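In what follows, a single structure is set out as structure tokens and then discussed.
Start at 1 and go down the list; that is how both ligands and their atoms are numbered. Every heavy atom of this structure was used, including side-chain atoms; hydrogens, water molecules and symmetry mates were not. Numbering starts at 1 and runs along the sequence shown. Bear in mind the structure is a predicted one, so any value in this text is a computation, not a measurement.
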Amino acid sequence: MSRLTRRSFLTAAGAVAASPALGATQQKSKATPGEPRSGVDIVIIGAGVAGIAAARRILAAGRKCMVLEASGTVGGRCITDTALFGVPYDRGARAFHTPEANPVARLALQNRFDIYPAPPGQRMRITRRYAREGEMEDMLSAMVRANAALSEASRKADVAAAQALPKDIGEWRSTIEFMMGPYFCGKDLAEVSAADLSRAAERDVQAYCRQGLGAVVVKLATDVPVRLSTPATRIAWGGRGVEVETAQGTIDARAAIVTASTNVLATGKLRFAPELPKRQLDAIERLKLGSYDHVTLELAGNPLGLRSDELVFERSSGPRTAALLANMSGSTLCTVDIGGKFGRDLAAKGAKDMVAFALDWLDNLYGAGLKRAAGRSHATNWNQEPWVLGAMSAAAPGGQFARRSLMESINNRIWFAGEAVHERLWGTVGGAWESGDRAAIAALRVIAPSAPEPKQQPKQPKR
Ligand SMILES: Cc1cc2nc3c(=O)[nH]c(=O)nc-3n(C[C@H](O)[C@H](O)[C@H](O)COP(=O)(O)OP(=O)(O)OC[C@H]3O[C@@H](n4cnc5c(N)ncnc54)[C@H](O)[C@@H]3O)c2cc1C
């Protein structure tokens with residue numbers, strides 16, 4: 001994440017250069033009693049989607065903020081790399097779910113990004129052929145029953161999603177387990193709360209951005225003051241405001257918004273003084289990130305015979321499976337996505353093994369000529385990205401309530417935001433944006449009671 005060289009990154013770097021060093025900020029400003037010496041109202045930890053959304057809201061309210069970003073780039077889990085393959089390649093998020101209700105998709109359109117709808121439907125491979133109409137109907141009916149069972153079970157108790165699945169989904173069980181588990185949230189269903197899955201908003205309708213979703217986030221950060229390569233190491237919140245420590249100095253402010261992922265928070269890389277209340281510590285533990293990675297292959301000449309952005313699953317017989325997104329944005333790039341325990345173990349073995357799996361998997365489904373067509377390749381490893389440490393949060397069984405706990409402020413000084421802090425859009429770009437916006441509104445209401453009220457968000461369809 002931190003090694004990218006992107007032209008678009010320069011925009012954010014410009015914003016950074018414009019903001020003085022932390023110590024200098026403190027020395028220069030003439031603070032009146034009770035006001036932060038830094039002149040900053042709210043410090044935001046993290047320049048991912050949630051942090052940028054929060055900053056834009058605070059700036060729009062006429063207040064001052066500063067975003068501290070640990071890595072060398074803006075975007076967090078949204079990062080577009082144009083250097084690797086010579087075309088925009090999203091290493092993290094790439095799809096706008098429910099684009100008509102997605103705030104980031106709306107802003108991307110306003111900023112003249114080329115957003116286009118994904119082709120409708122998905123294809124299902126059964127070894128070397130596609131599923132027939134009757135087989136697809138069986139699969140869809142099994143999926144409907146699985147969703148109904150999740151919803152039914154979660155009304156009684158927050159059990160593991162695996163426990164809630166109906167017994168009679170027969171030969172589609174493993175495929176459905178993959179689609180609802182590793183593919184949807186990066187975890188196997190035994191590790192996921194049925195209630196969390198069943199409350200998740202529908203994500204079937206998708207749109208893509210030809211320039212890359214990460215490029216959109218960089219653009220939206222244009223006027224935001226971001227300090228790159230500045231990890232916050234400690235937040236003291238016992239006094240009138242907050243004091244945020246970094247290796248480059250301490251910055252004081254009235255409040256802080258923390259958007260670091262739950263896995264980063266769980267490592268203790270960012271400490272709190274006093275320690276966070278037990279309720280929030282428990283919530284962080286229950287909302288740990290799943291594992292999800294892209295293994296991307298250049299396949300010249302369309303050997304798979306698929307259209308642009310076609311999504312393909314296989315009727316699998318175990319967890320050793322994946323999802324294919326073919327010819328992304330009309331390019332020769334095809335991504336094999338892996339996740340859950342299988343994906344985590346494979347990623348731990350390294351990029352070579354991941355690429356070998358992807359080629360074997362495609363070879364098994366489409367035939368031997370494929371390996372000859374393969375050119376350059378790349379595999380992400382989000383579990384190893386030091387300031388993210390995973391893919392997306394999915395509540396552990398019994399842990400759905402944790403999202404609400406993380407929404408509560410810590411003594412009206414600290415607010416958490418990020419994908420984990422959204423009850424229905426967790427694990428998404430849209431959810432991260434809304435949570436950042438919401439945290440900023442809540443913080444502004446405390447530090448500046450005349451701040452604007454939140455706008456009503458468009459309703460998201462339920463799963
Ligand atoms: C492979 C993959 C594919 C995905 N696909 C999609 C998709 O298609 N559609 C979709 O909607 N979502 C997708 N997601 C999920 C989406 O990327 C996330 O939900 C979203 O980007 C999270 O944004 P965030 O701001 O909450 O967190 P992050 O993006 O993690 O941002 C947090 C930021 O905080 C920084 N940070 C952490 N600790 C500190 C510290 N101590 N000091 C300073 N900075 C710190 C981090 O470096 C990071 O930049 C995908 C995720 C992955 C990994």
Would you mind listing which atoms of ligand 1 come within a distance below 4.0 Å of any non-hydrogen atom of [X]?
X: Val264; value: 38 (N)
X: Val49; value: 25 (O)
X: Gly46; value: 33 (C), 34 (O), 35 (C), 44 (N)
X: Gly92; value: 1 (C), 2 (C), 3 (C), 4 (C)
X: Gly418; value: 26 (O)
X: Pro231; value: 42 (N), 43 (C)
X: Thr259; value: 32 (C)
X: Cys78; value: 21 (O)

At under 4.0 Å between heavy atoms, which part of [X] makes contact with ligand 1: side chain, backbone, both or neither?
X: His294; result: side chain
X: Leu68; result: backbone
X: Trp382; result: side chain

So is there a nitrogen or oxygen of [X] less than 3.5 Å from a nitrogen or oxygen in ligand 1?
X: Arg94; answer: yes
X: His97; answer: yes
X: Arg91; answer: no
X: Ala70; answer: yes
X: Ala50; answer: yes
X: Ala232; answer: yes
X: Gly51; answer: no
X: Asp293; answer: no
X: Val429; answer: yes
X: Ala260; answer: no

From CG (Leu333) to CG (Leu84), nearest 0.5 Å: 9.0 Å
Value rounded to 0.5 Å, distance of CD in Gln280 from CD1 in Ile410: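 Spacing of CD (Gln280) from CD1 (Ile410) equals 3.5 Å.
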Heavy-atom closest pair, residues Leu68 and Ile251: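 Distance-wise, the nearest heavy atoms are CD1-CG2, 4.4 Å.
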Over all atoms of both residues, closest heavy-atom pair of Pro119 and Ser308: CG-O, 3.5 Å
How about [X] and [Y]: does a side-chain donor come under 3.5 Å of a side-chain acceptor?
X: Asp252; Y: Ser38; result: yes
X: Ser71; Y: Glu69; result: yes
X: Asn327; Y: Asp309; result: no

Tyr89: partners by ring pair (Phe, Tyr, Trp, His ring centres under 6.0 Å), with sequence neighbours left out: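 If we apply the ring pair (Phe, Tyr, Trp, His ring centres under 6.0 Å) test to Tyr89, skipping adjacent residues, the hits are Phe85, His378.
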Quiz item: cation-pi between Arg210 and Tyr116, 6.0 Å / 45°: yes
Trp237 six-ring face occupied by Arg254 cation (under 6.0 Å, within 45°):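 Not satisfied by the 6.0 Å and 45° rule.
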Contact with ligand 1 for Thr380, non-hydrogen, under 4.0 angstrom: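 So Thr380 does not count as touching ligand 1.
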Whether Glu69 lies under 4.0 Å from ligand 1, heavy atom: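 Under 4.0 Å: yes for Glu69.
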Test of ring centre spacing under 6.0 Å for Phe342 and Phe357: yes
Side-chain (Glu310) to main-chain (Arg307) donor-acceptor, under 3.5 angstrom: yes
Parallel, tilted or perpendicular: ring planes of Phe178 versus Tyr183, cut at 30 and 60 degrees: tilted
Steps toward side chain to side chain contact (heavy atoms under 4.5 Å, CB included) verdict (Thr335, Val295): CA-CA 5 Å; Thr335 285; Val295 188; 6.0 Å; no
Proximal candidate to atom 1 (C) of ligand 1 [heavy atom criterion; set Tyr292, Trp426, Phe96]: Tyr292
Option with minimal heavy-atom separation from atom 23 (O) of ligand 1, where the choices are Ala105, Ala432, Gly76: Ala432
Pairs touching residues 175-190 that satisfy salt bridge (charged side-chain N to carboxylate O under 4.0 Å, His left out), sequence neighbours left out: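 Of all non-adjacent pairs touching residues 175-190, those that pass salt bridge (charged side-chain N to carboxylate O under 4.0 Å, His left out) are Arg173-Glu177.
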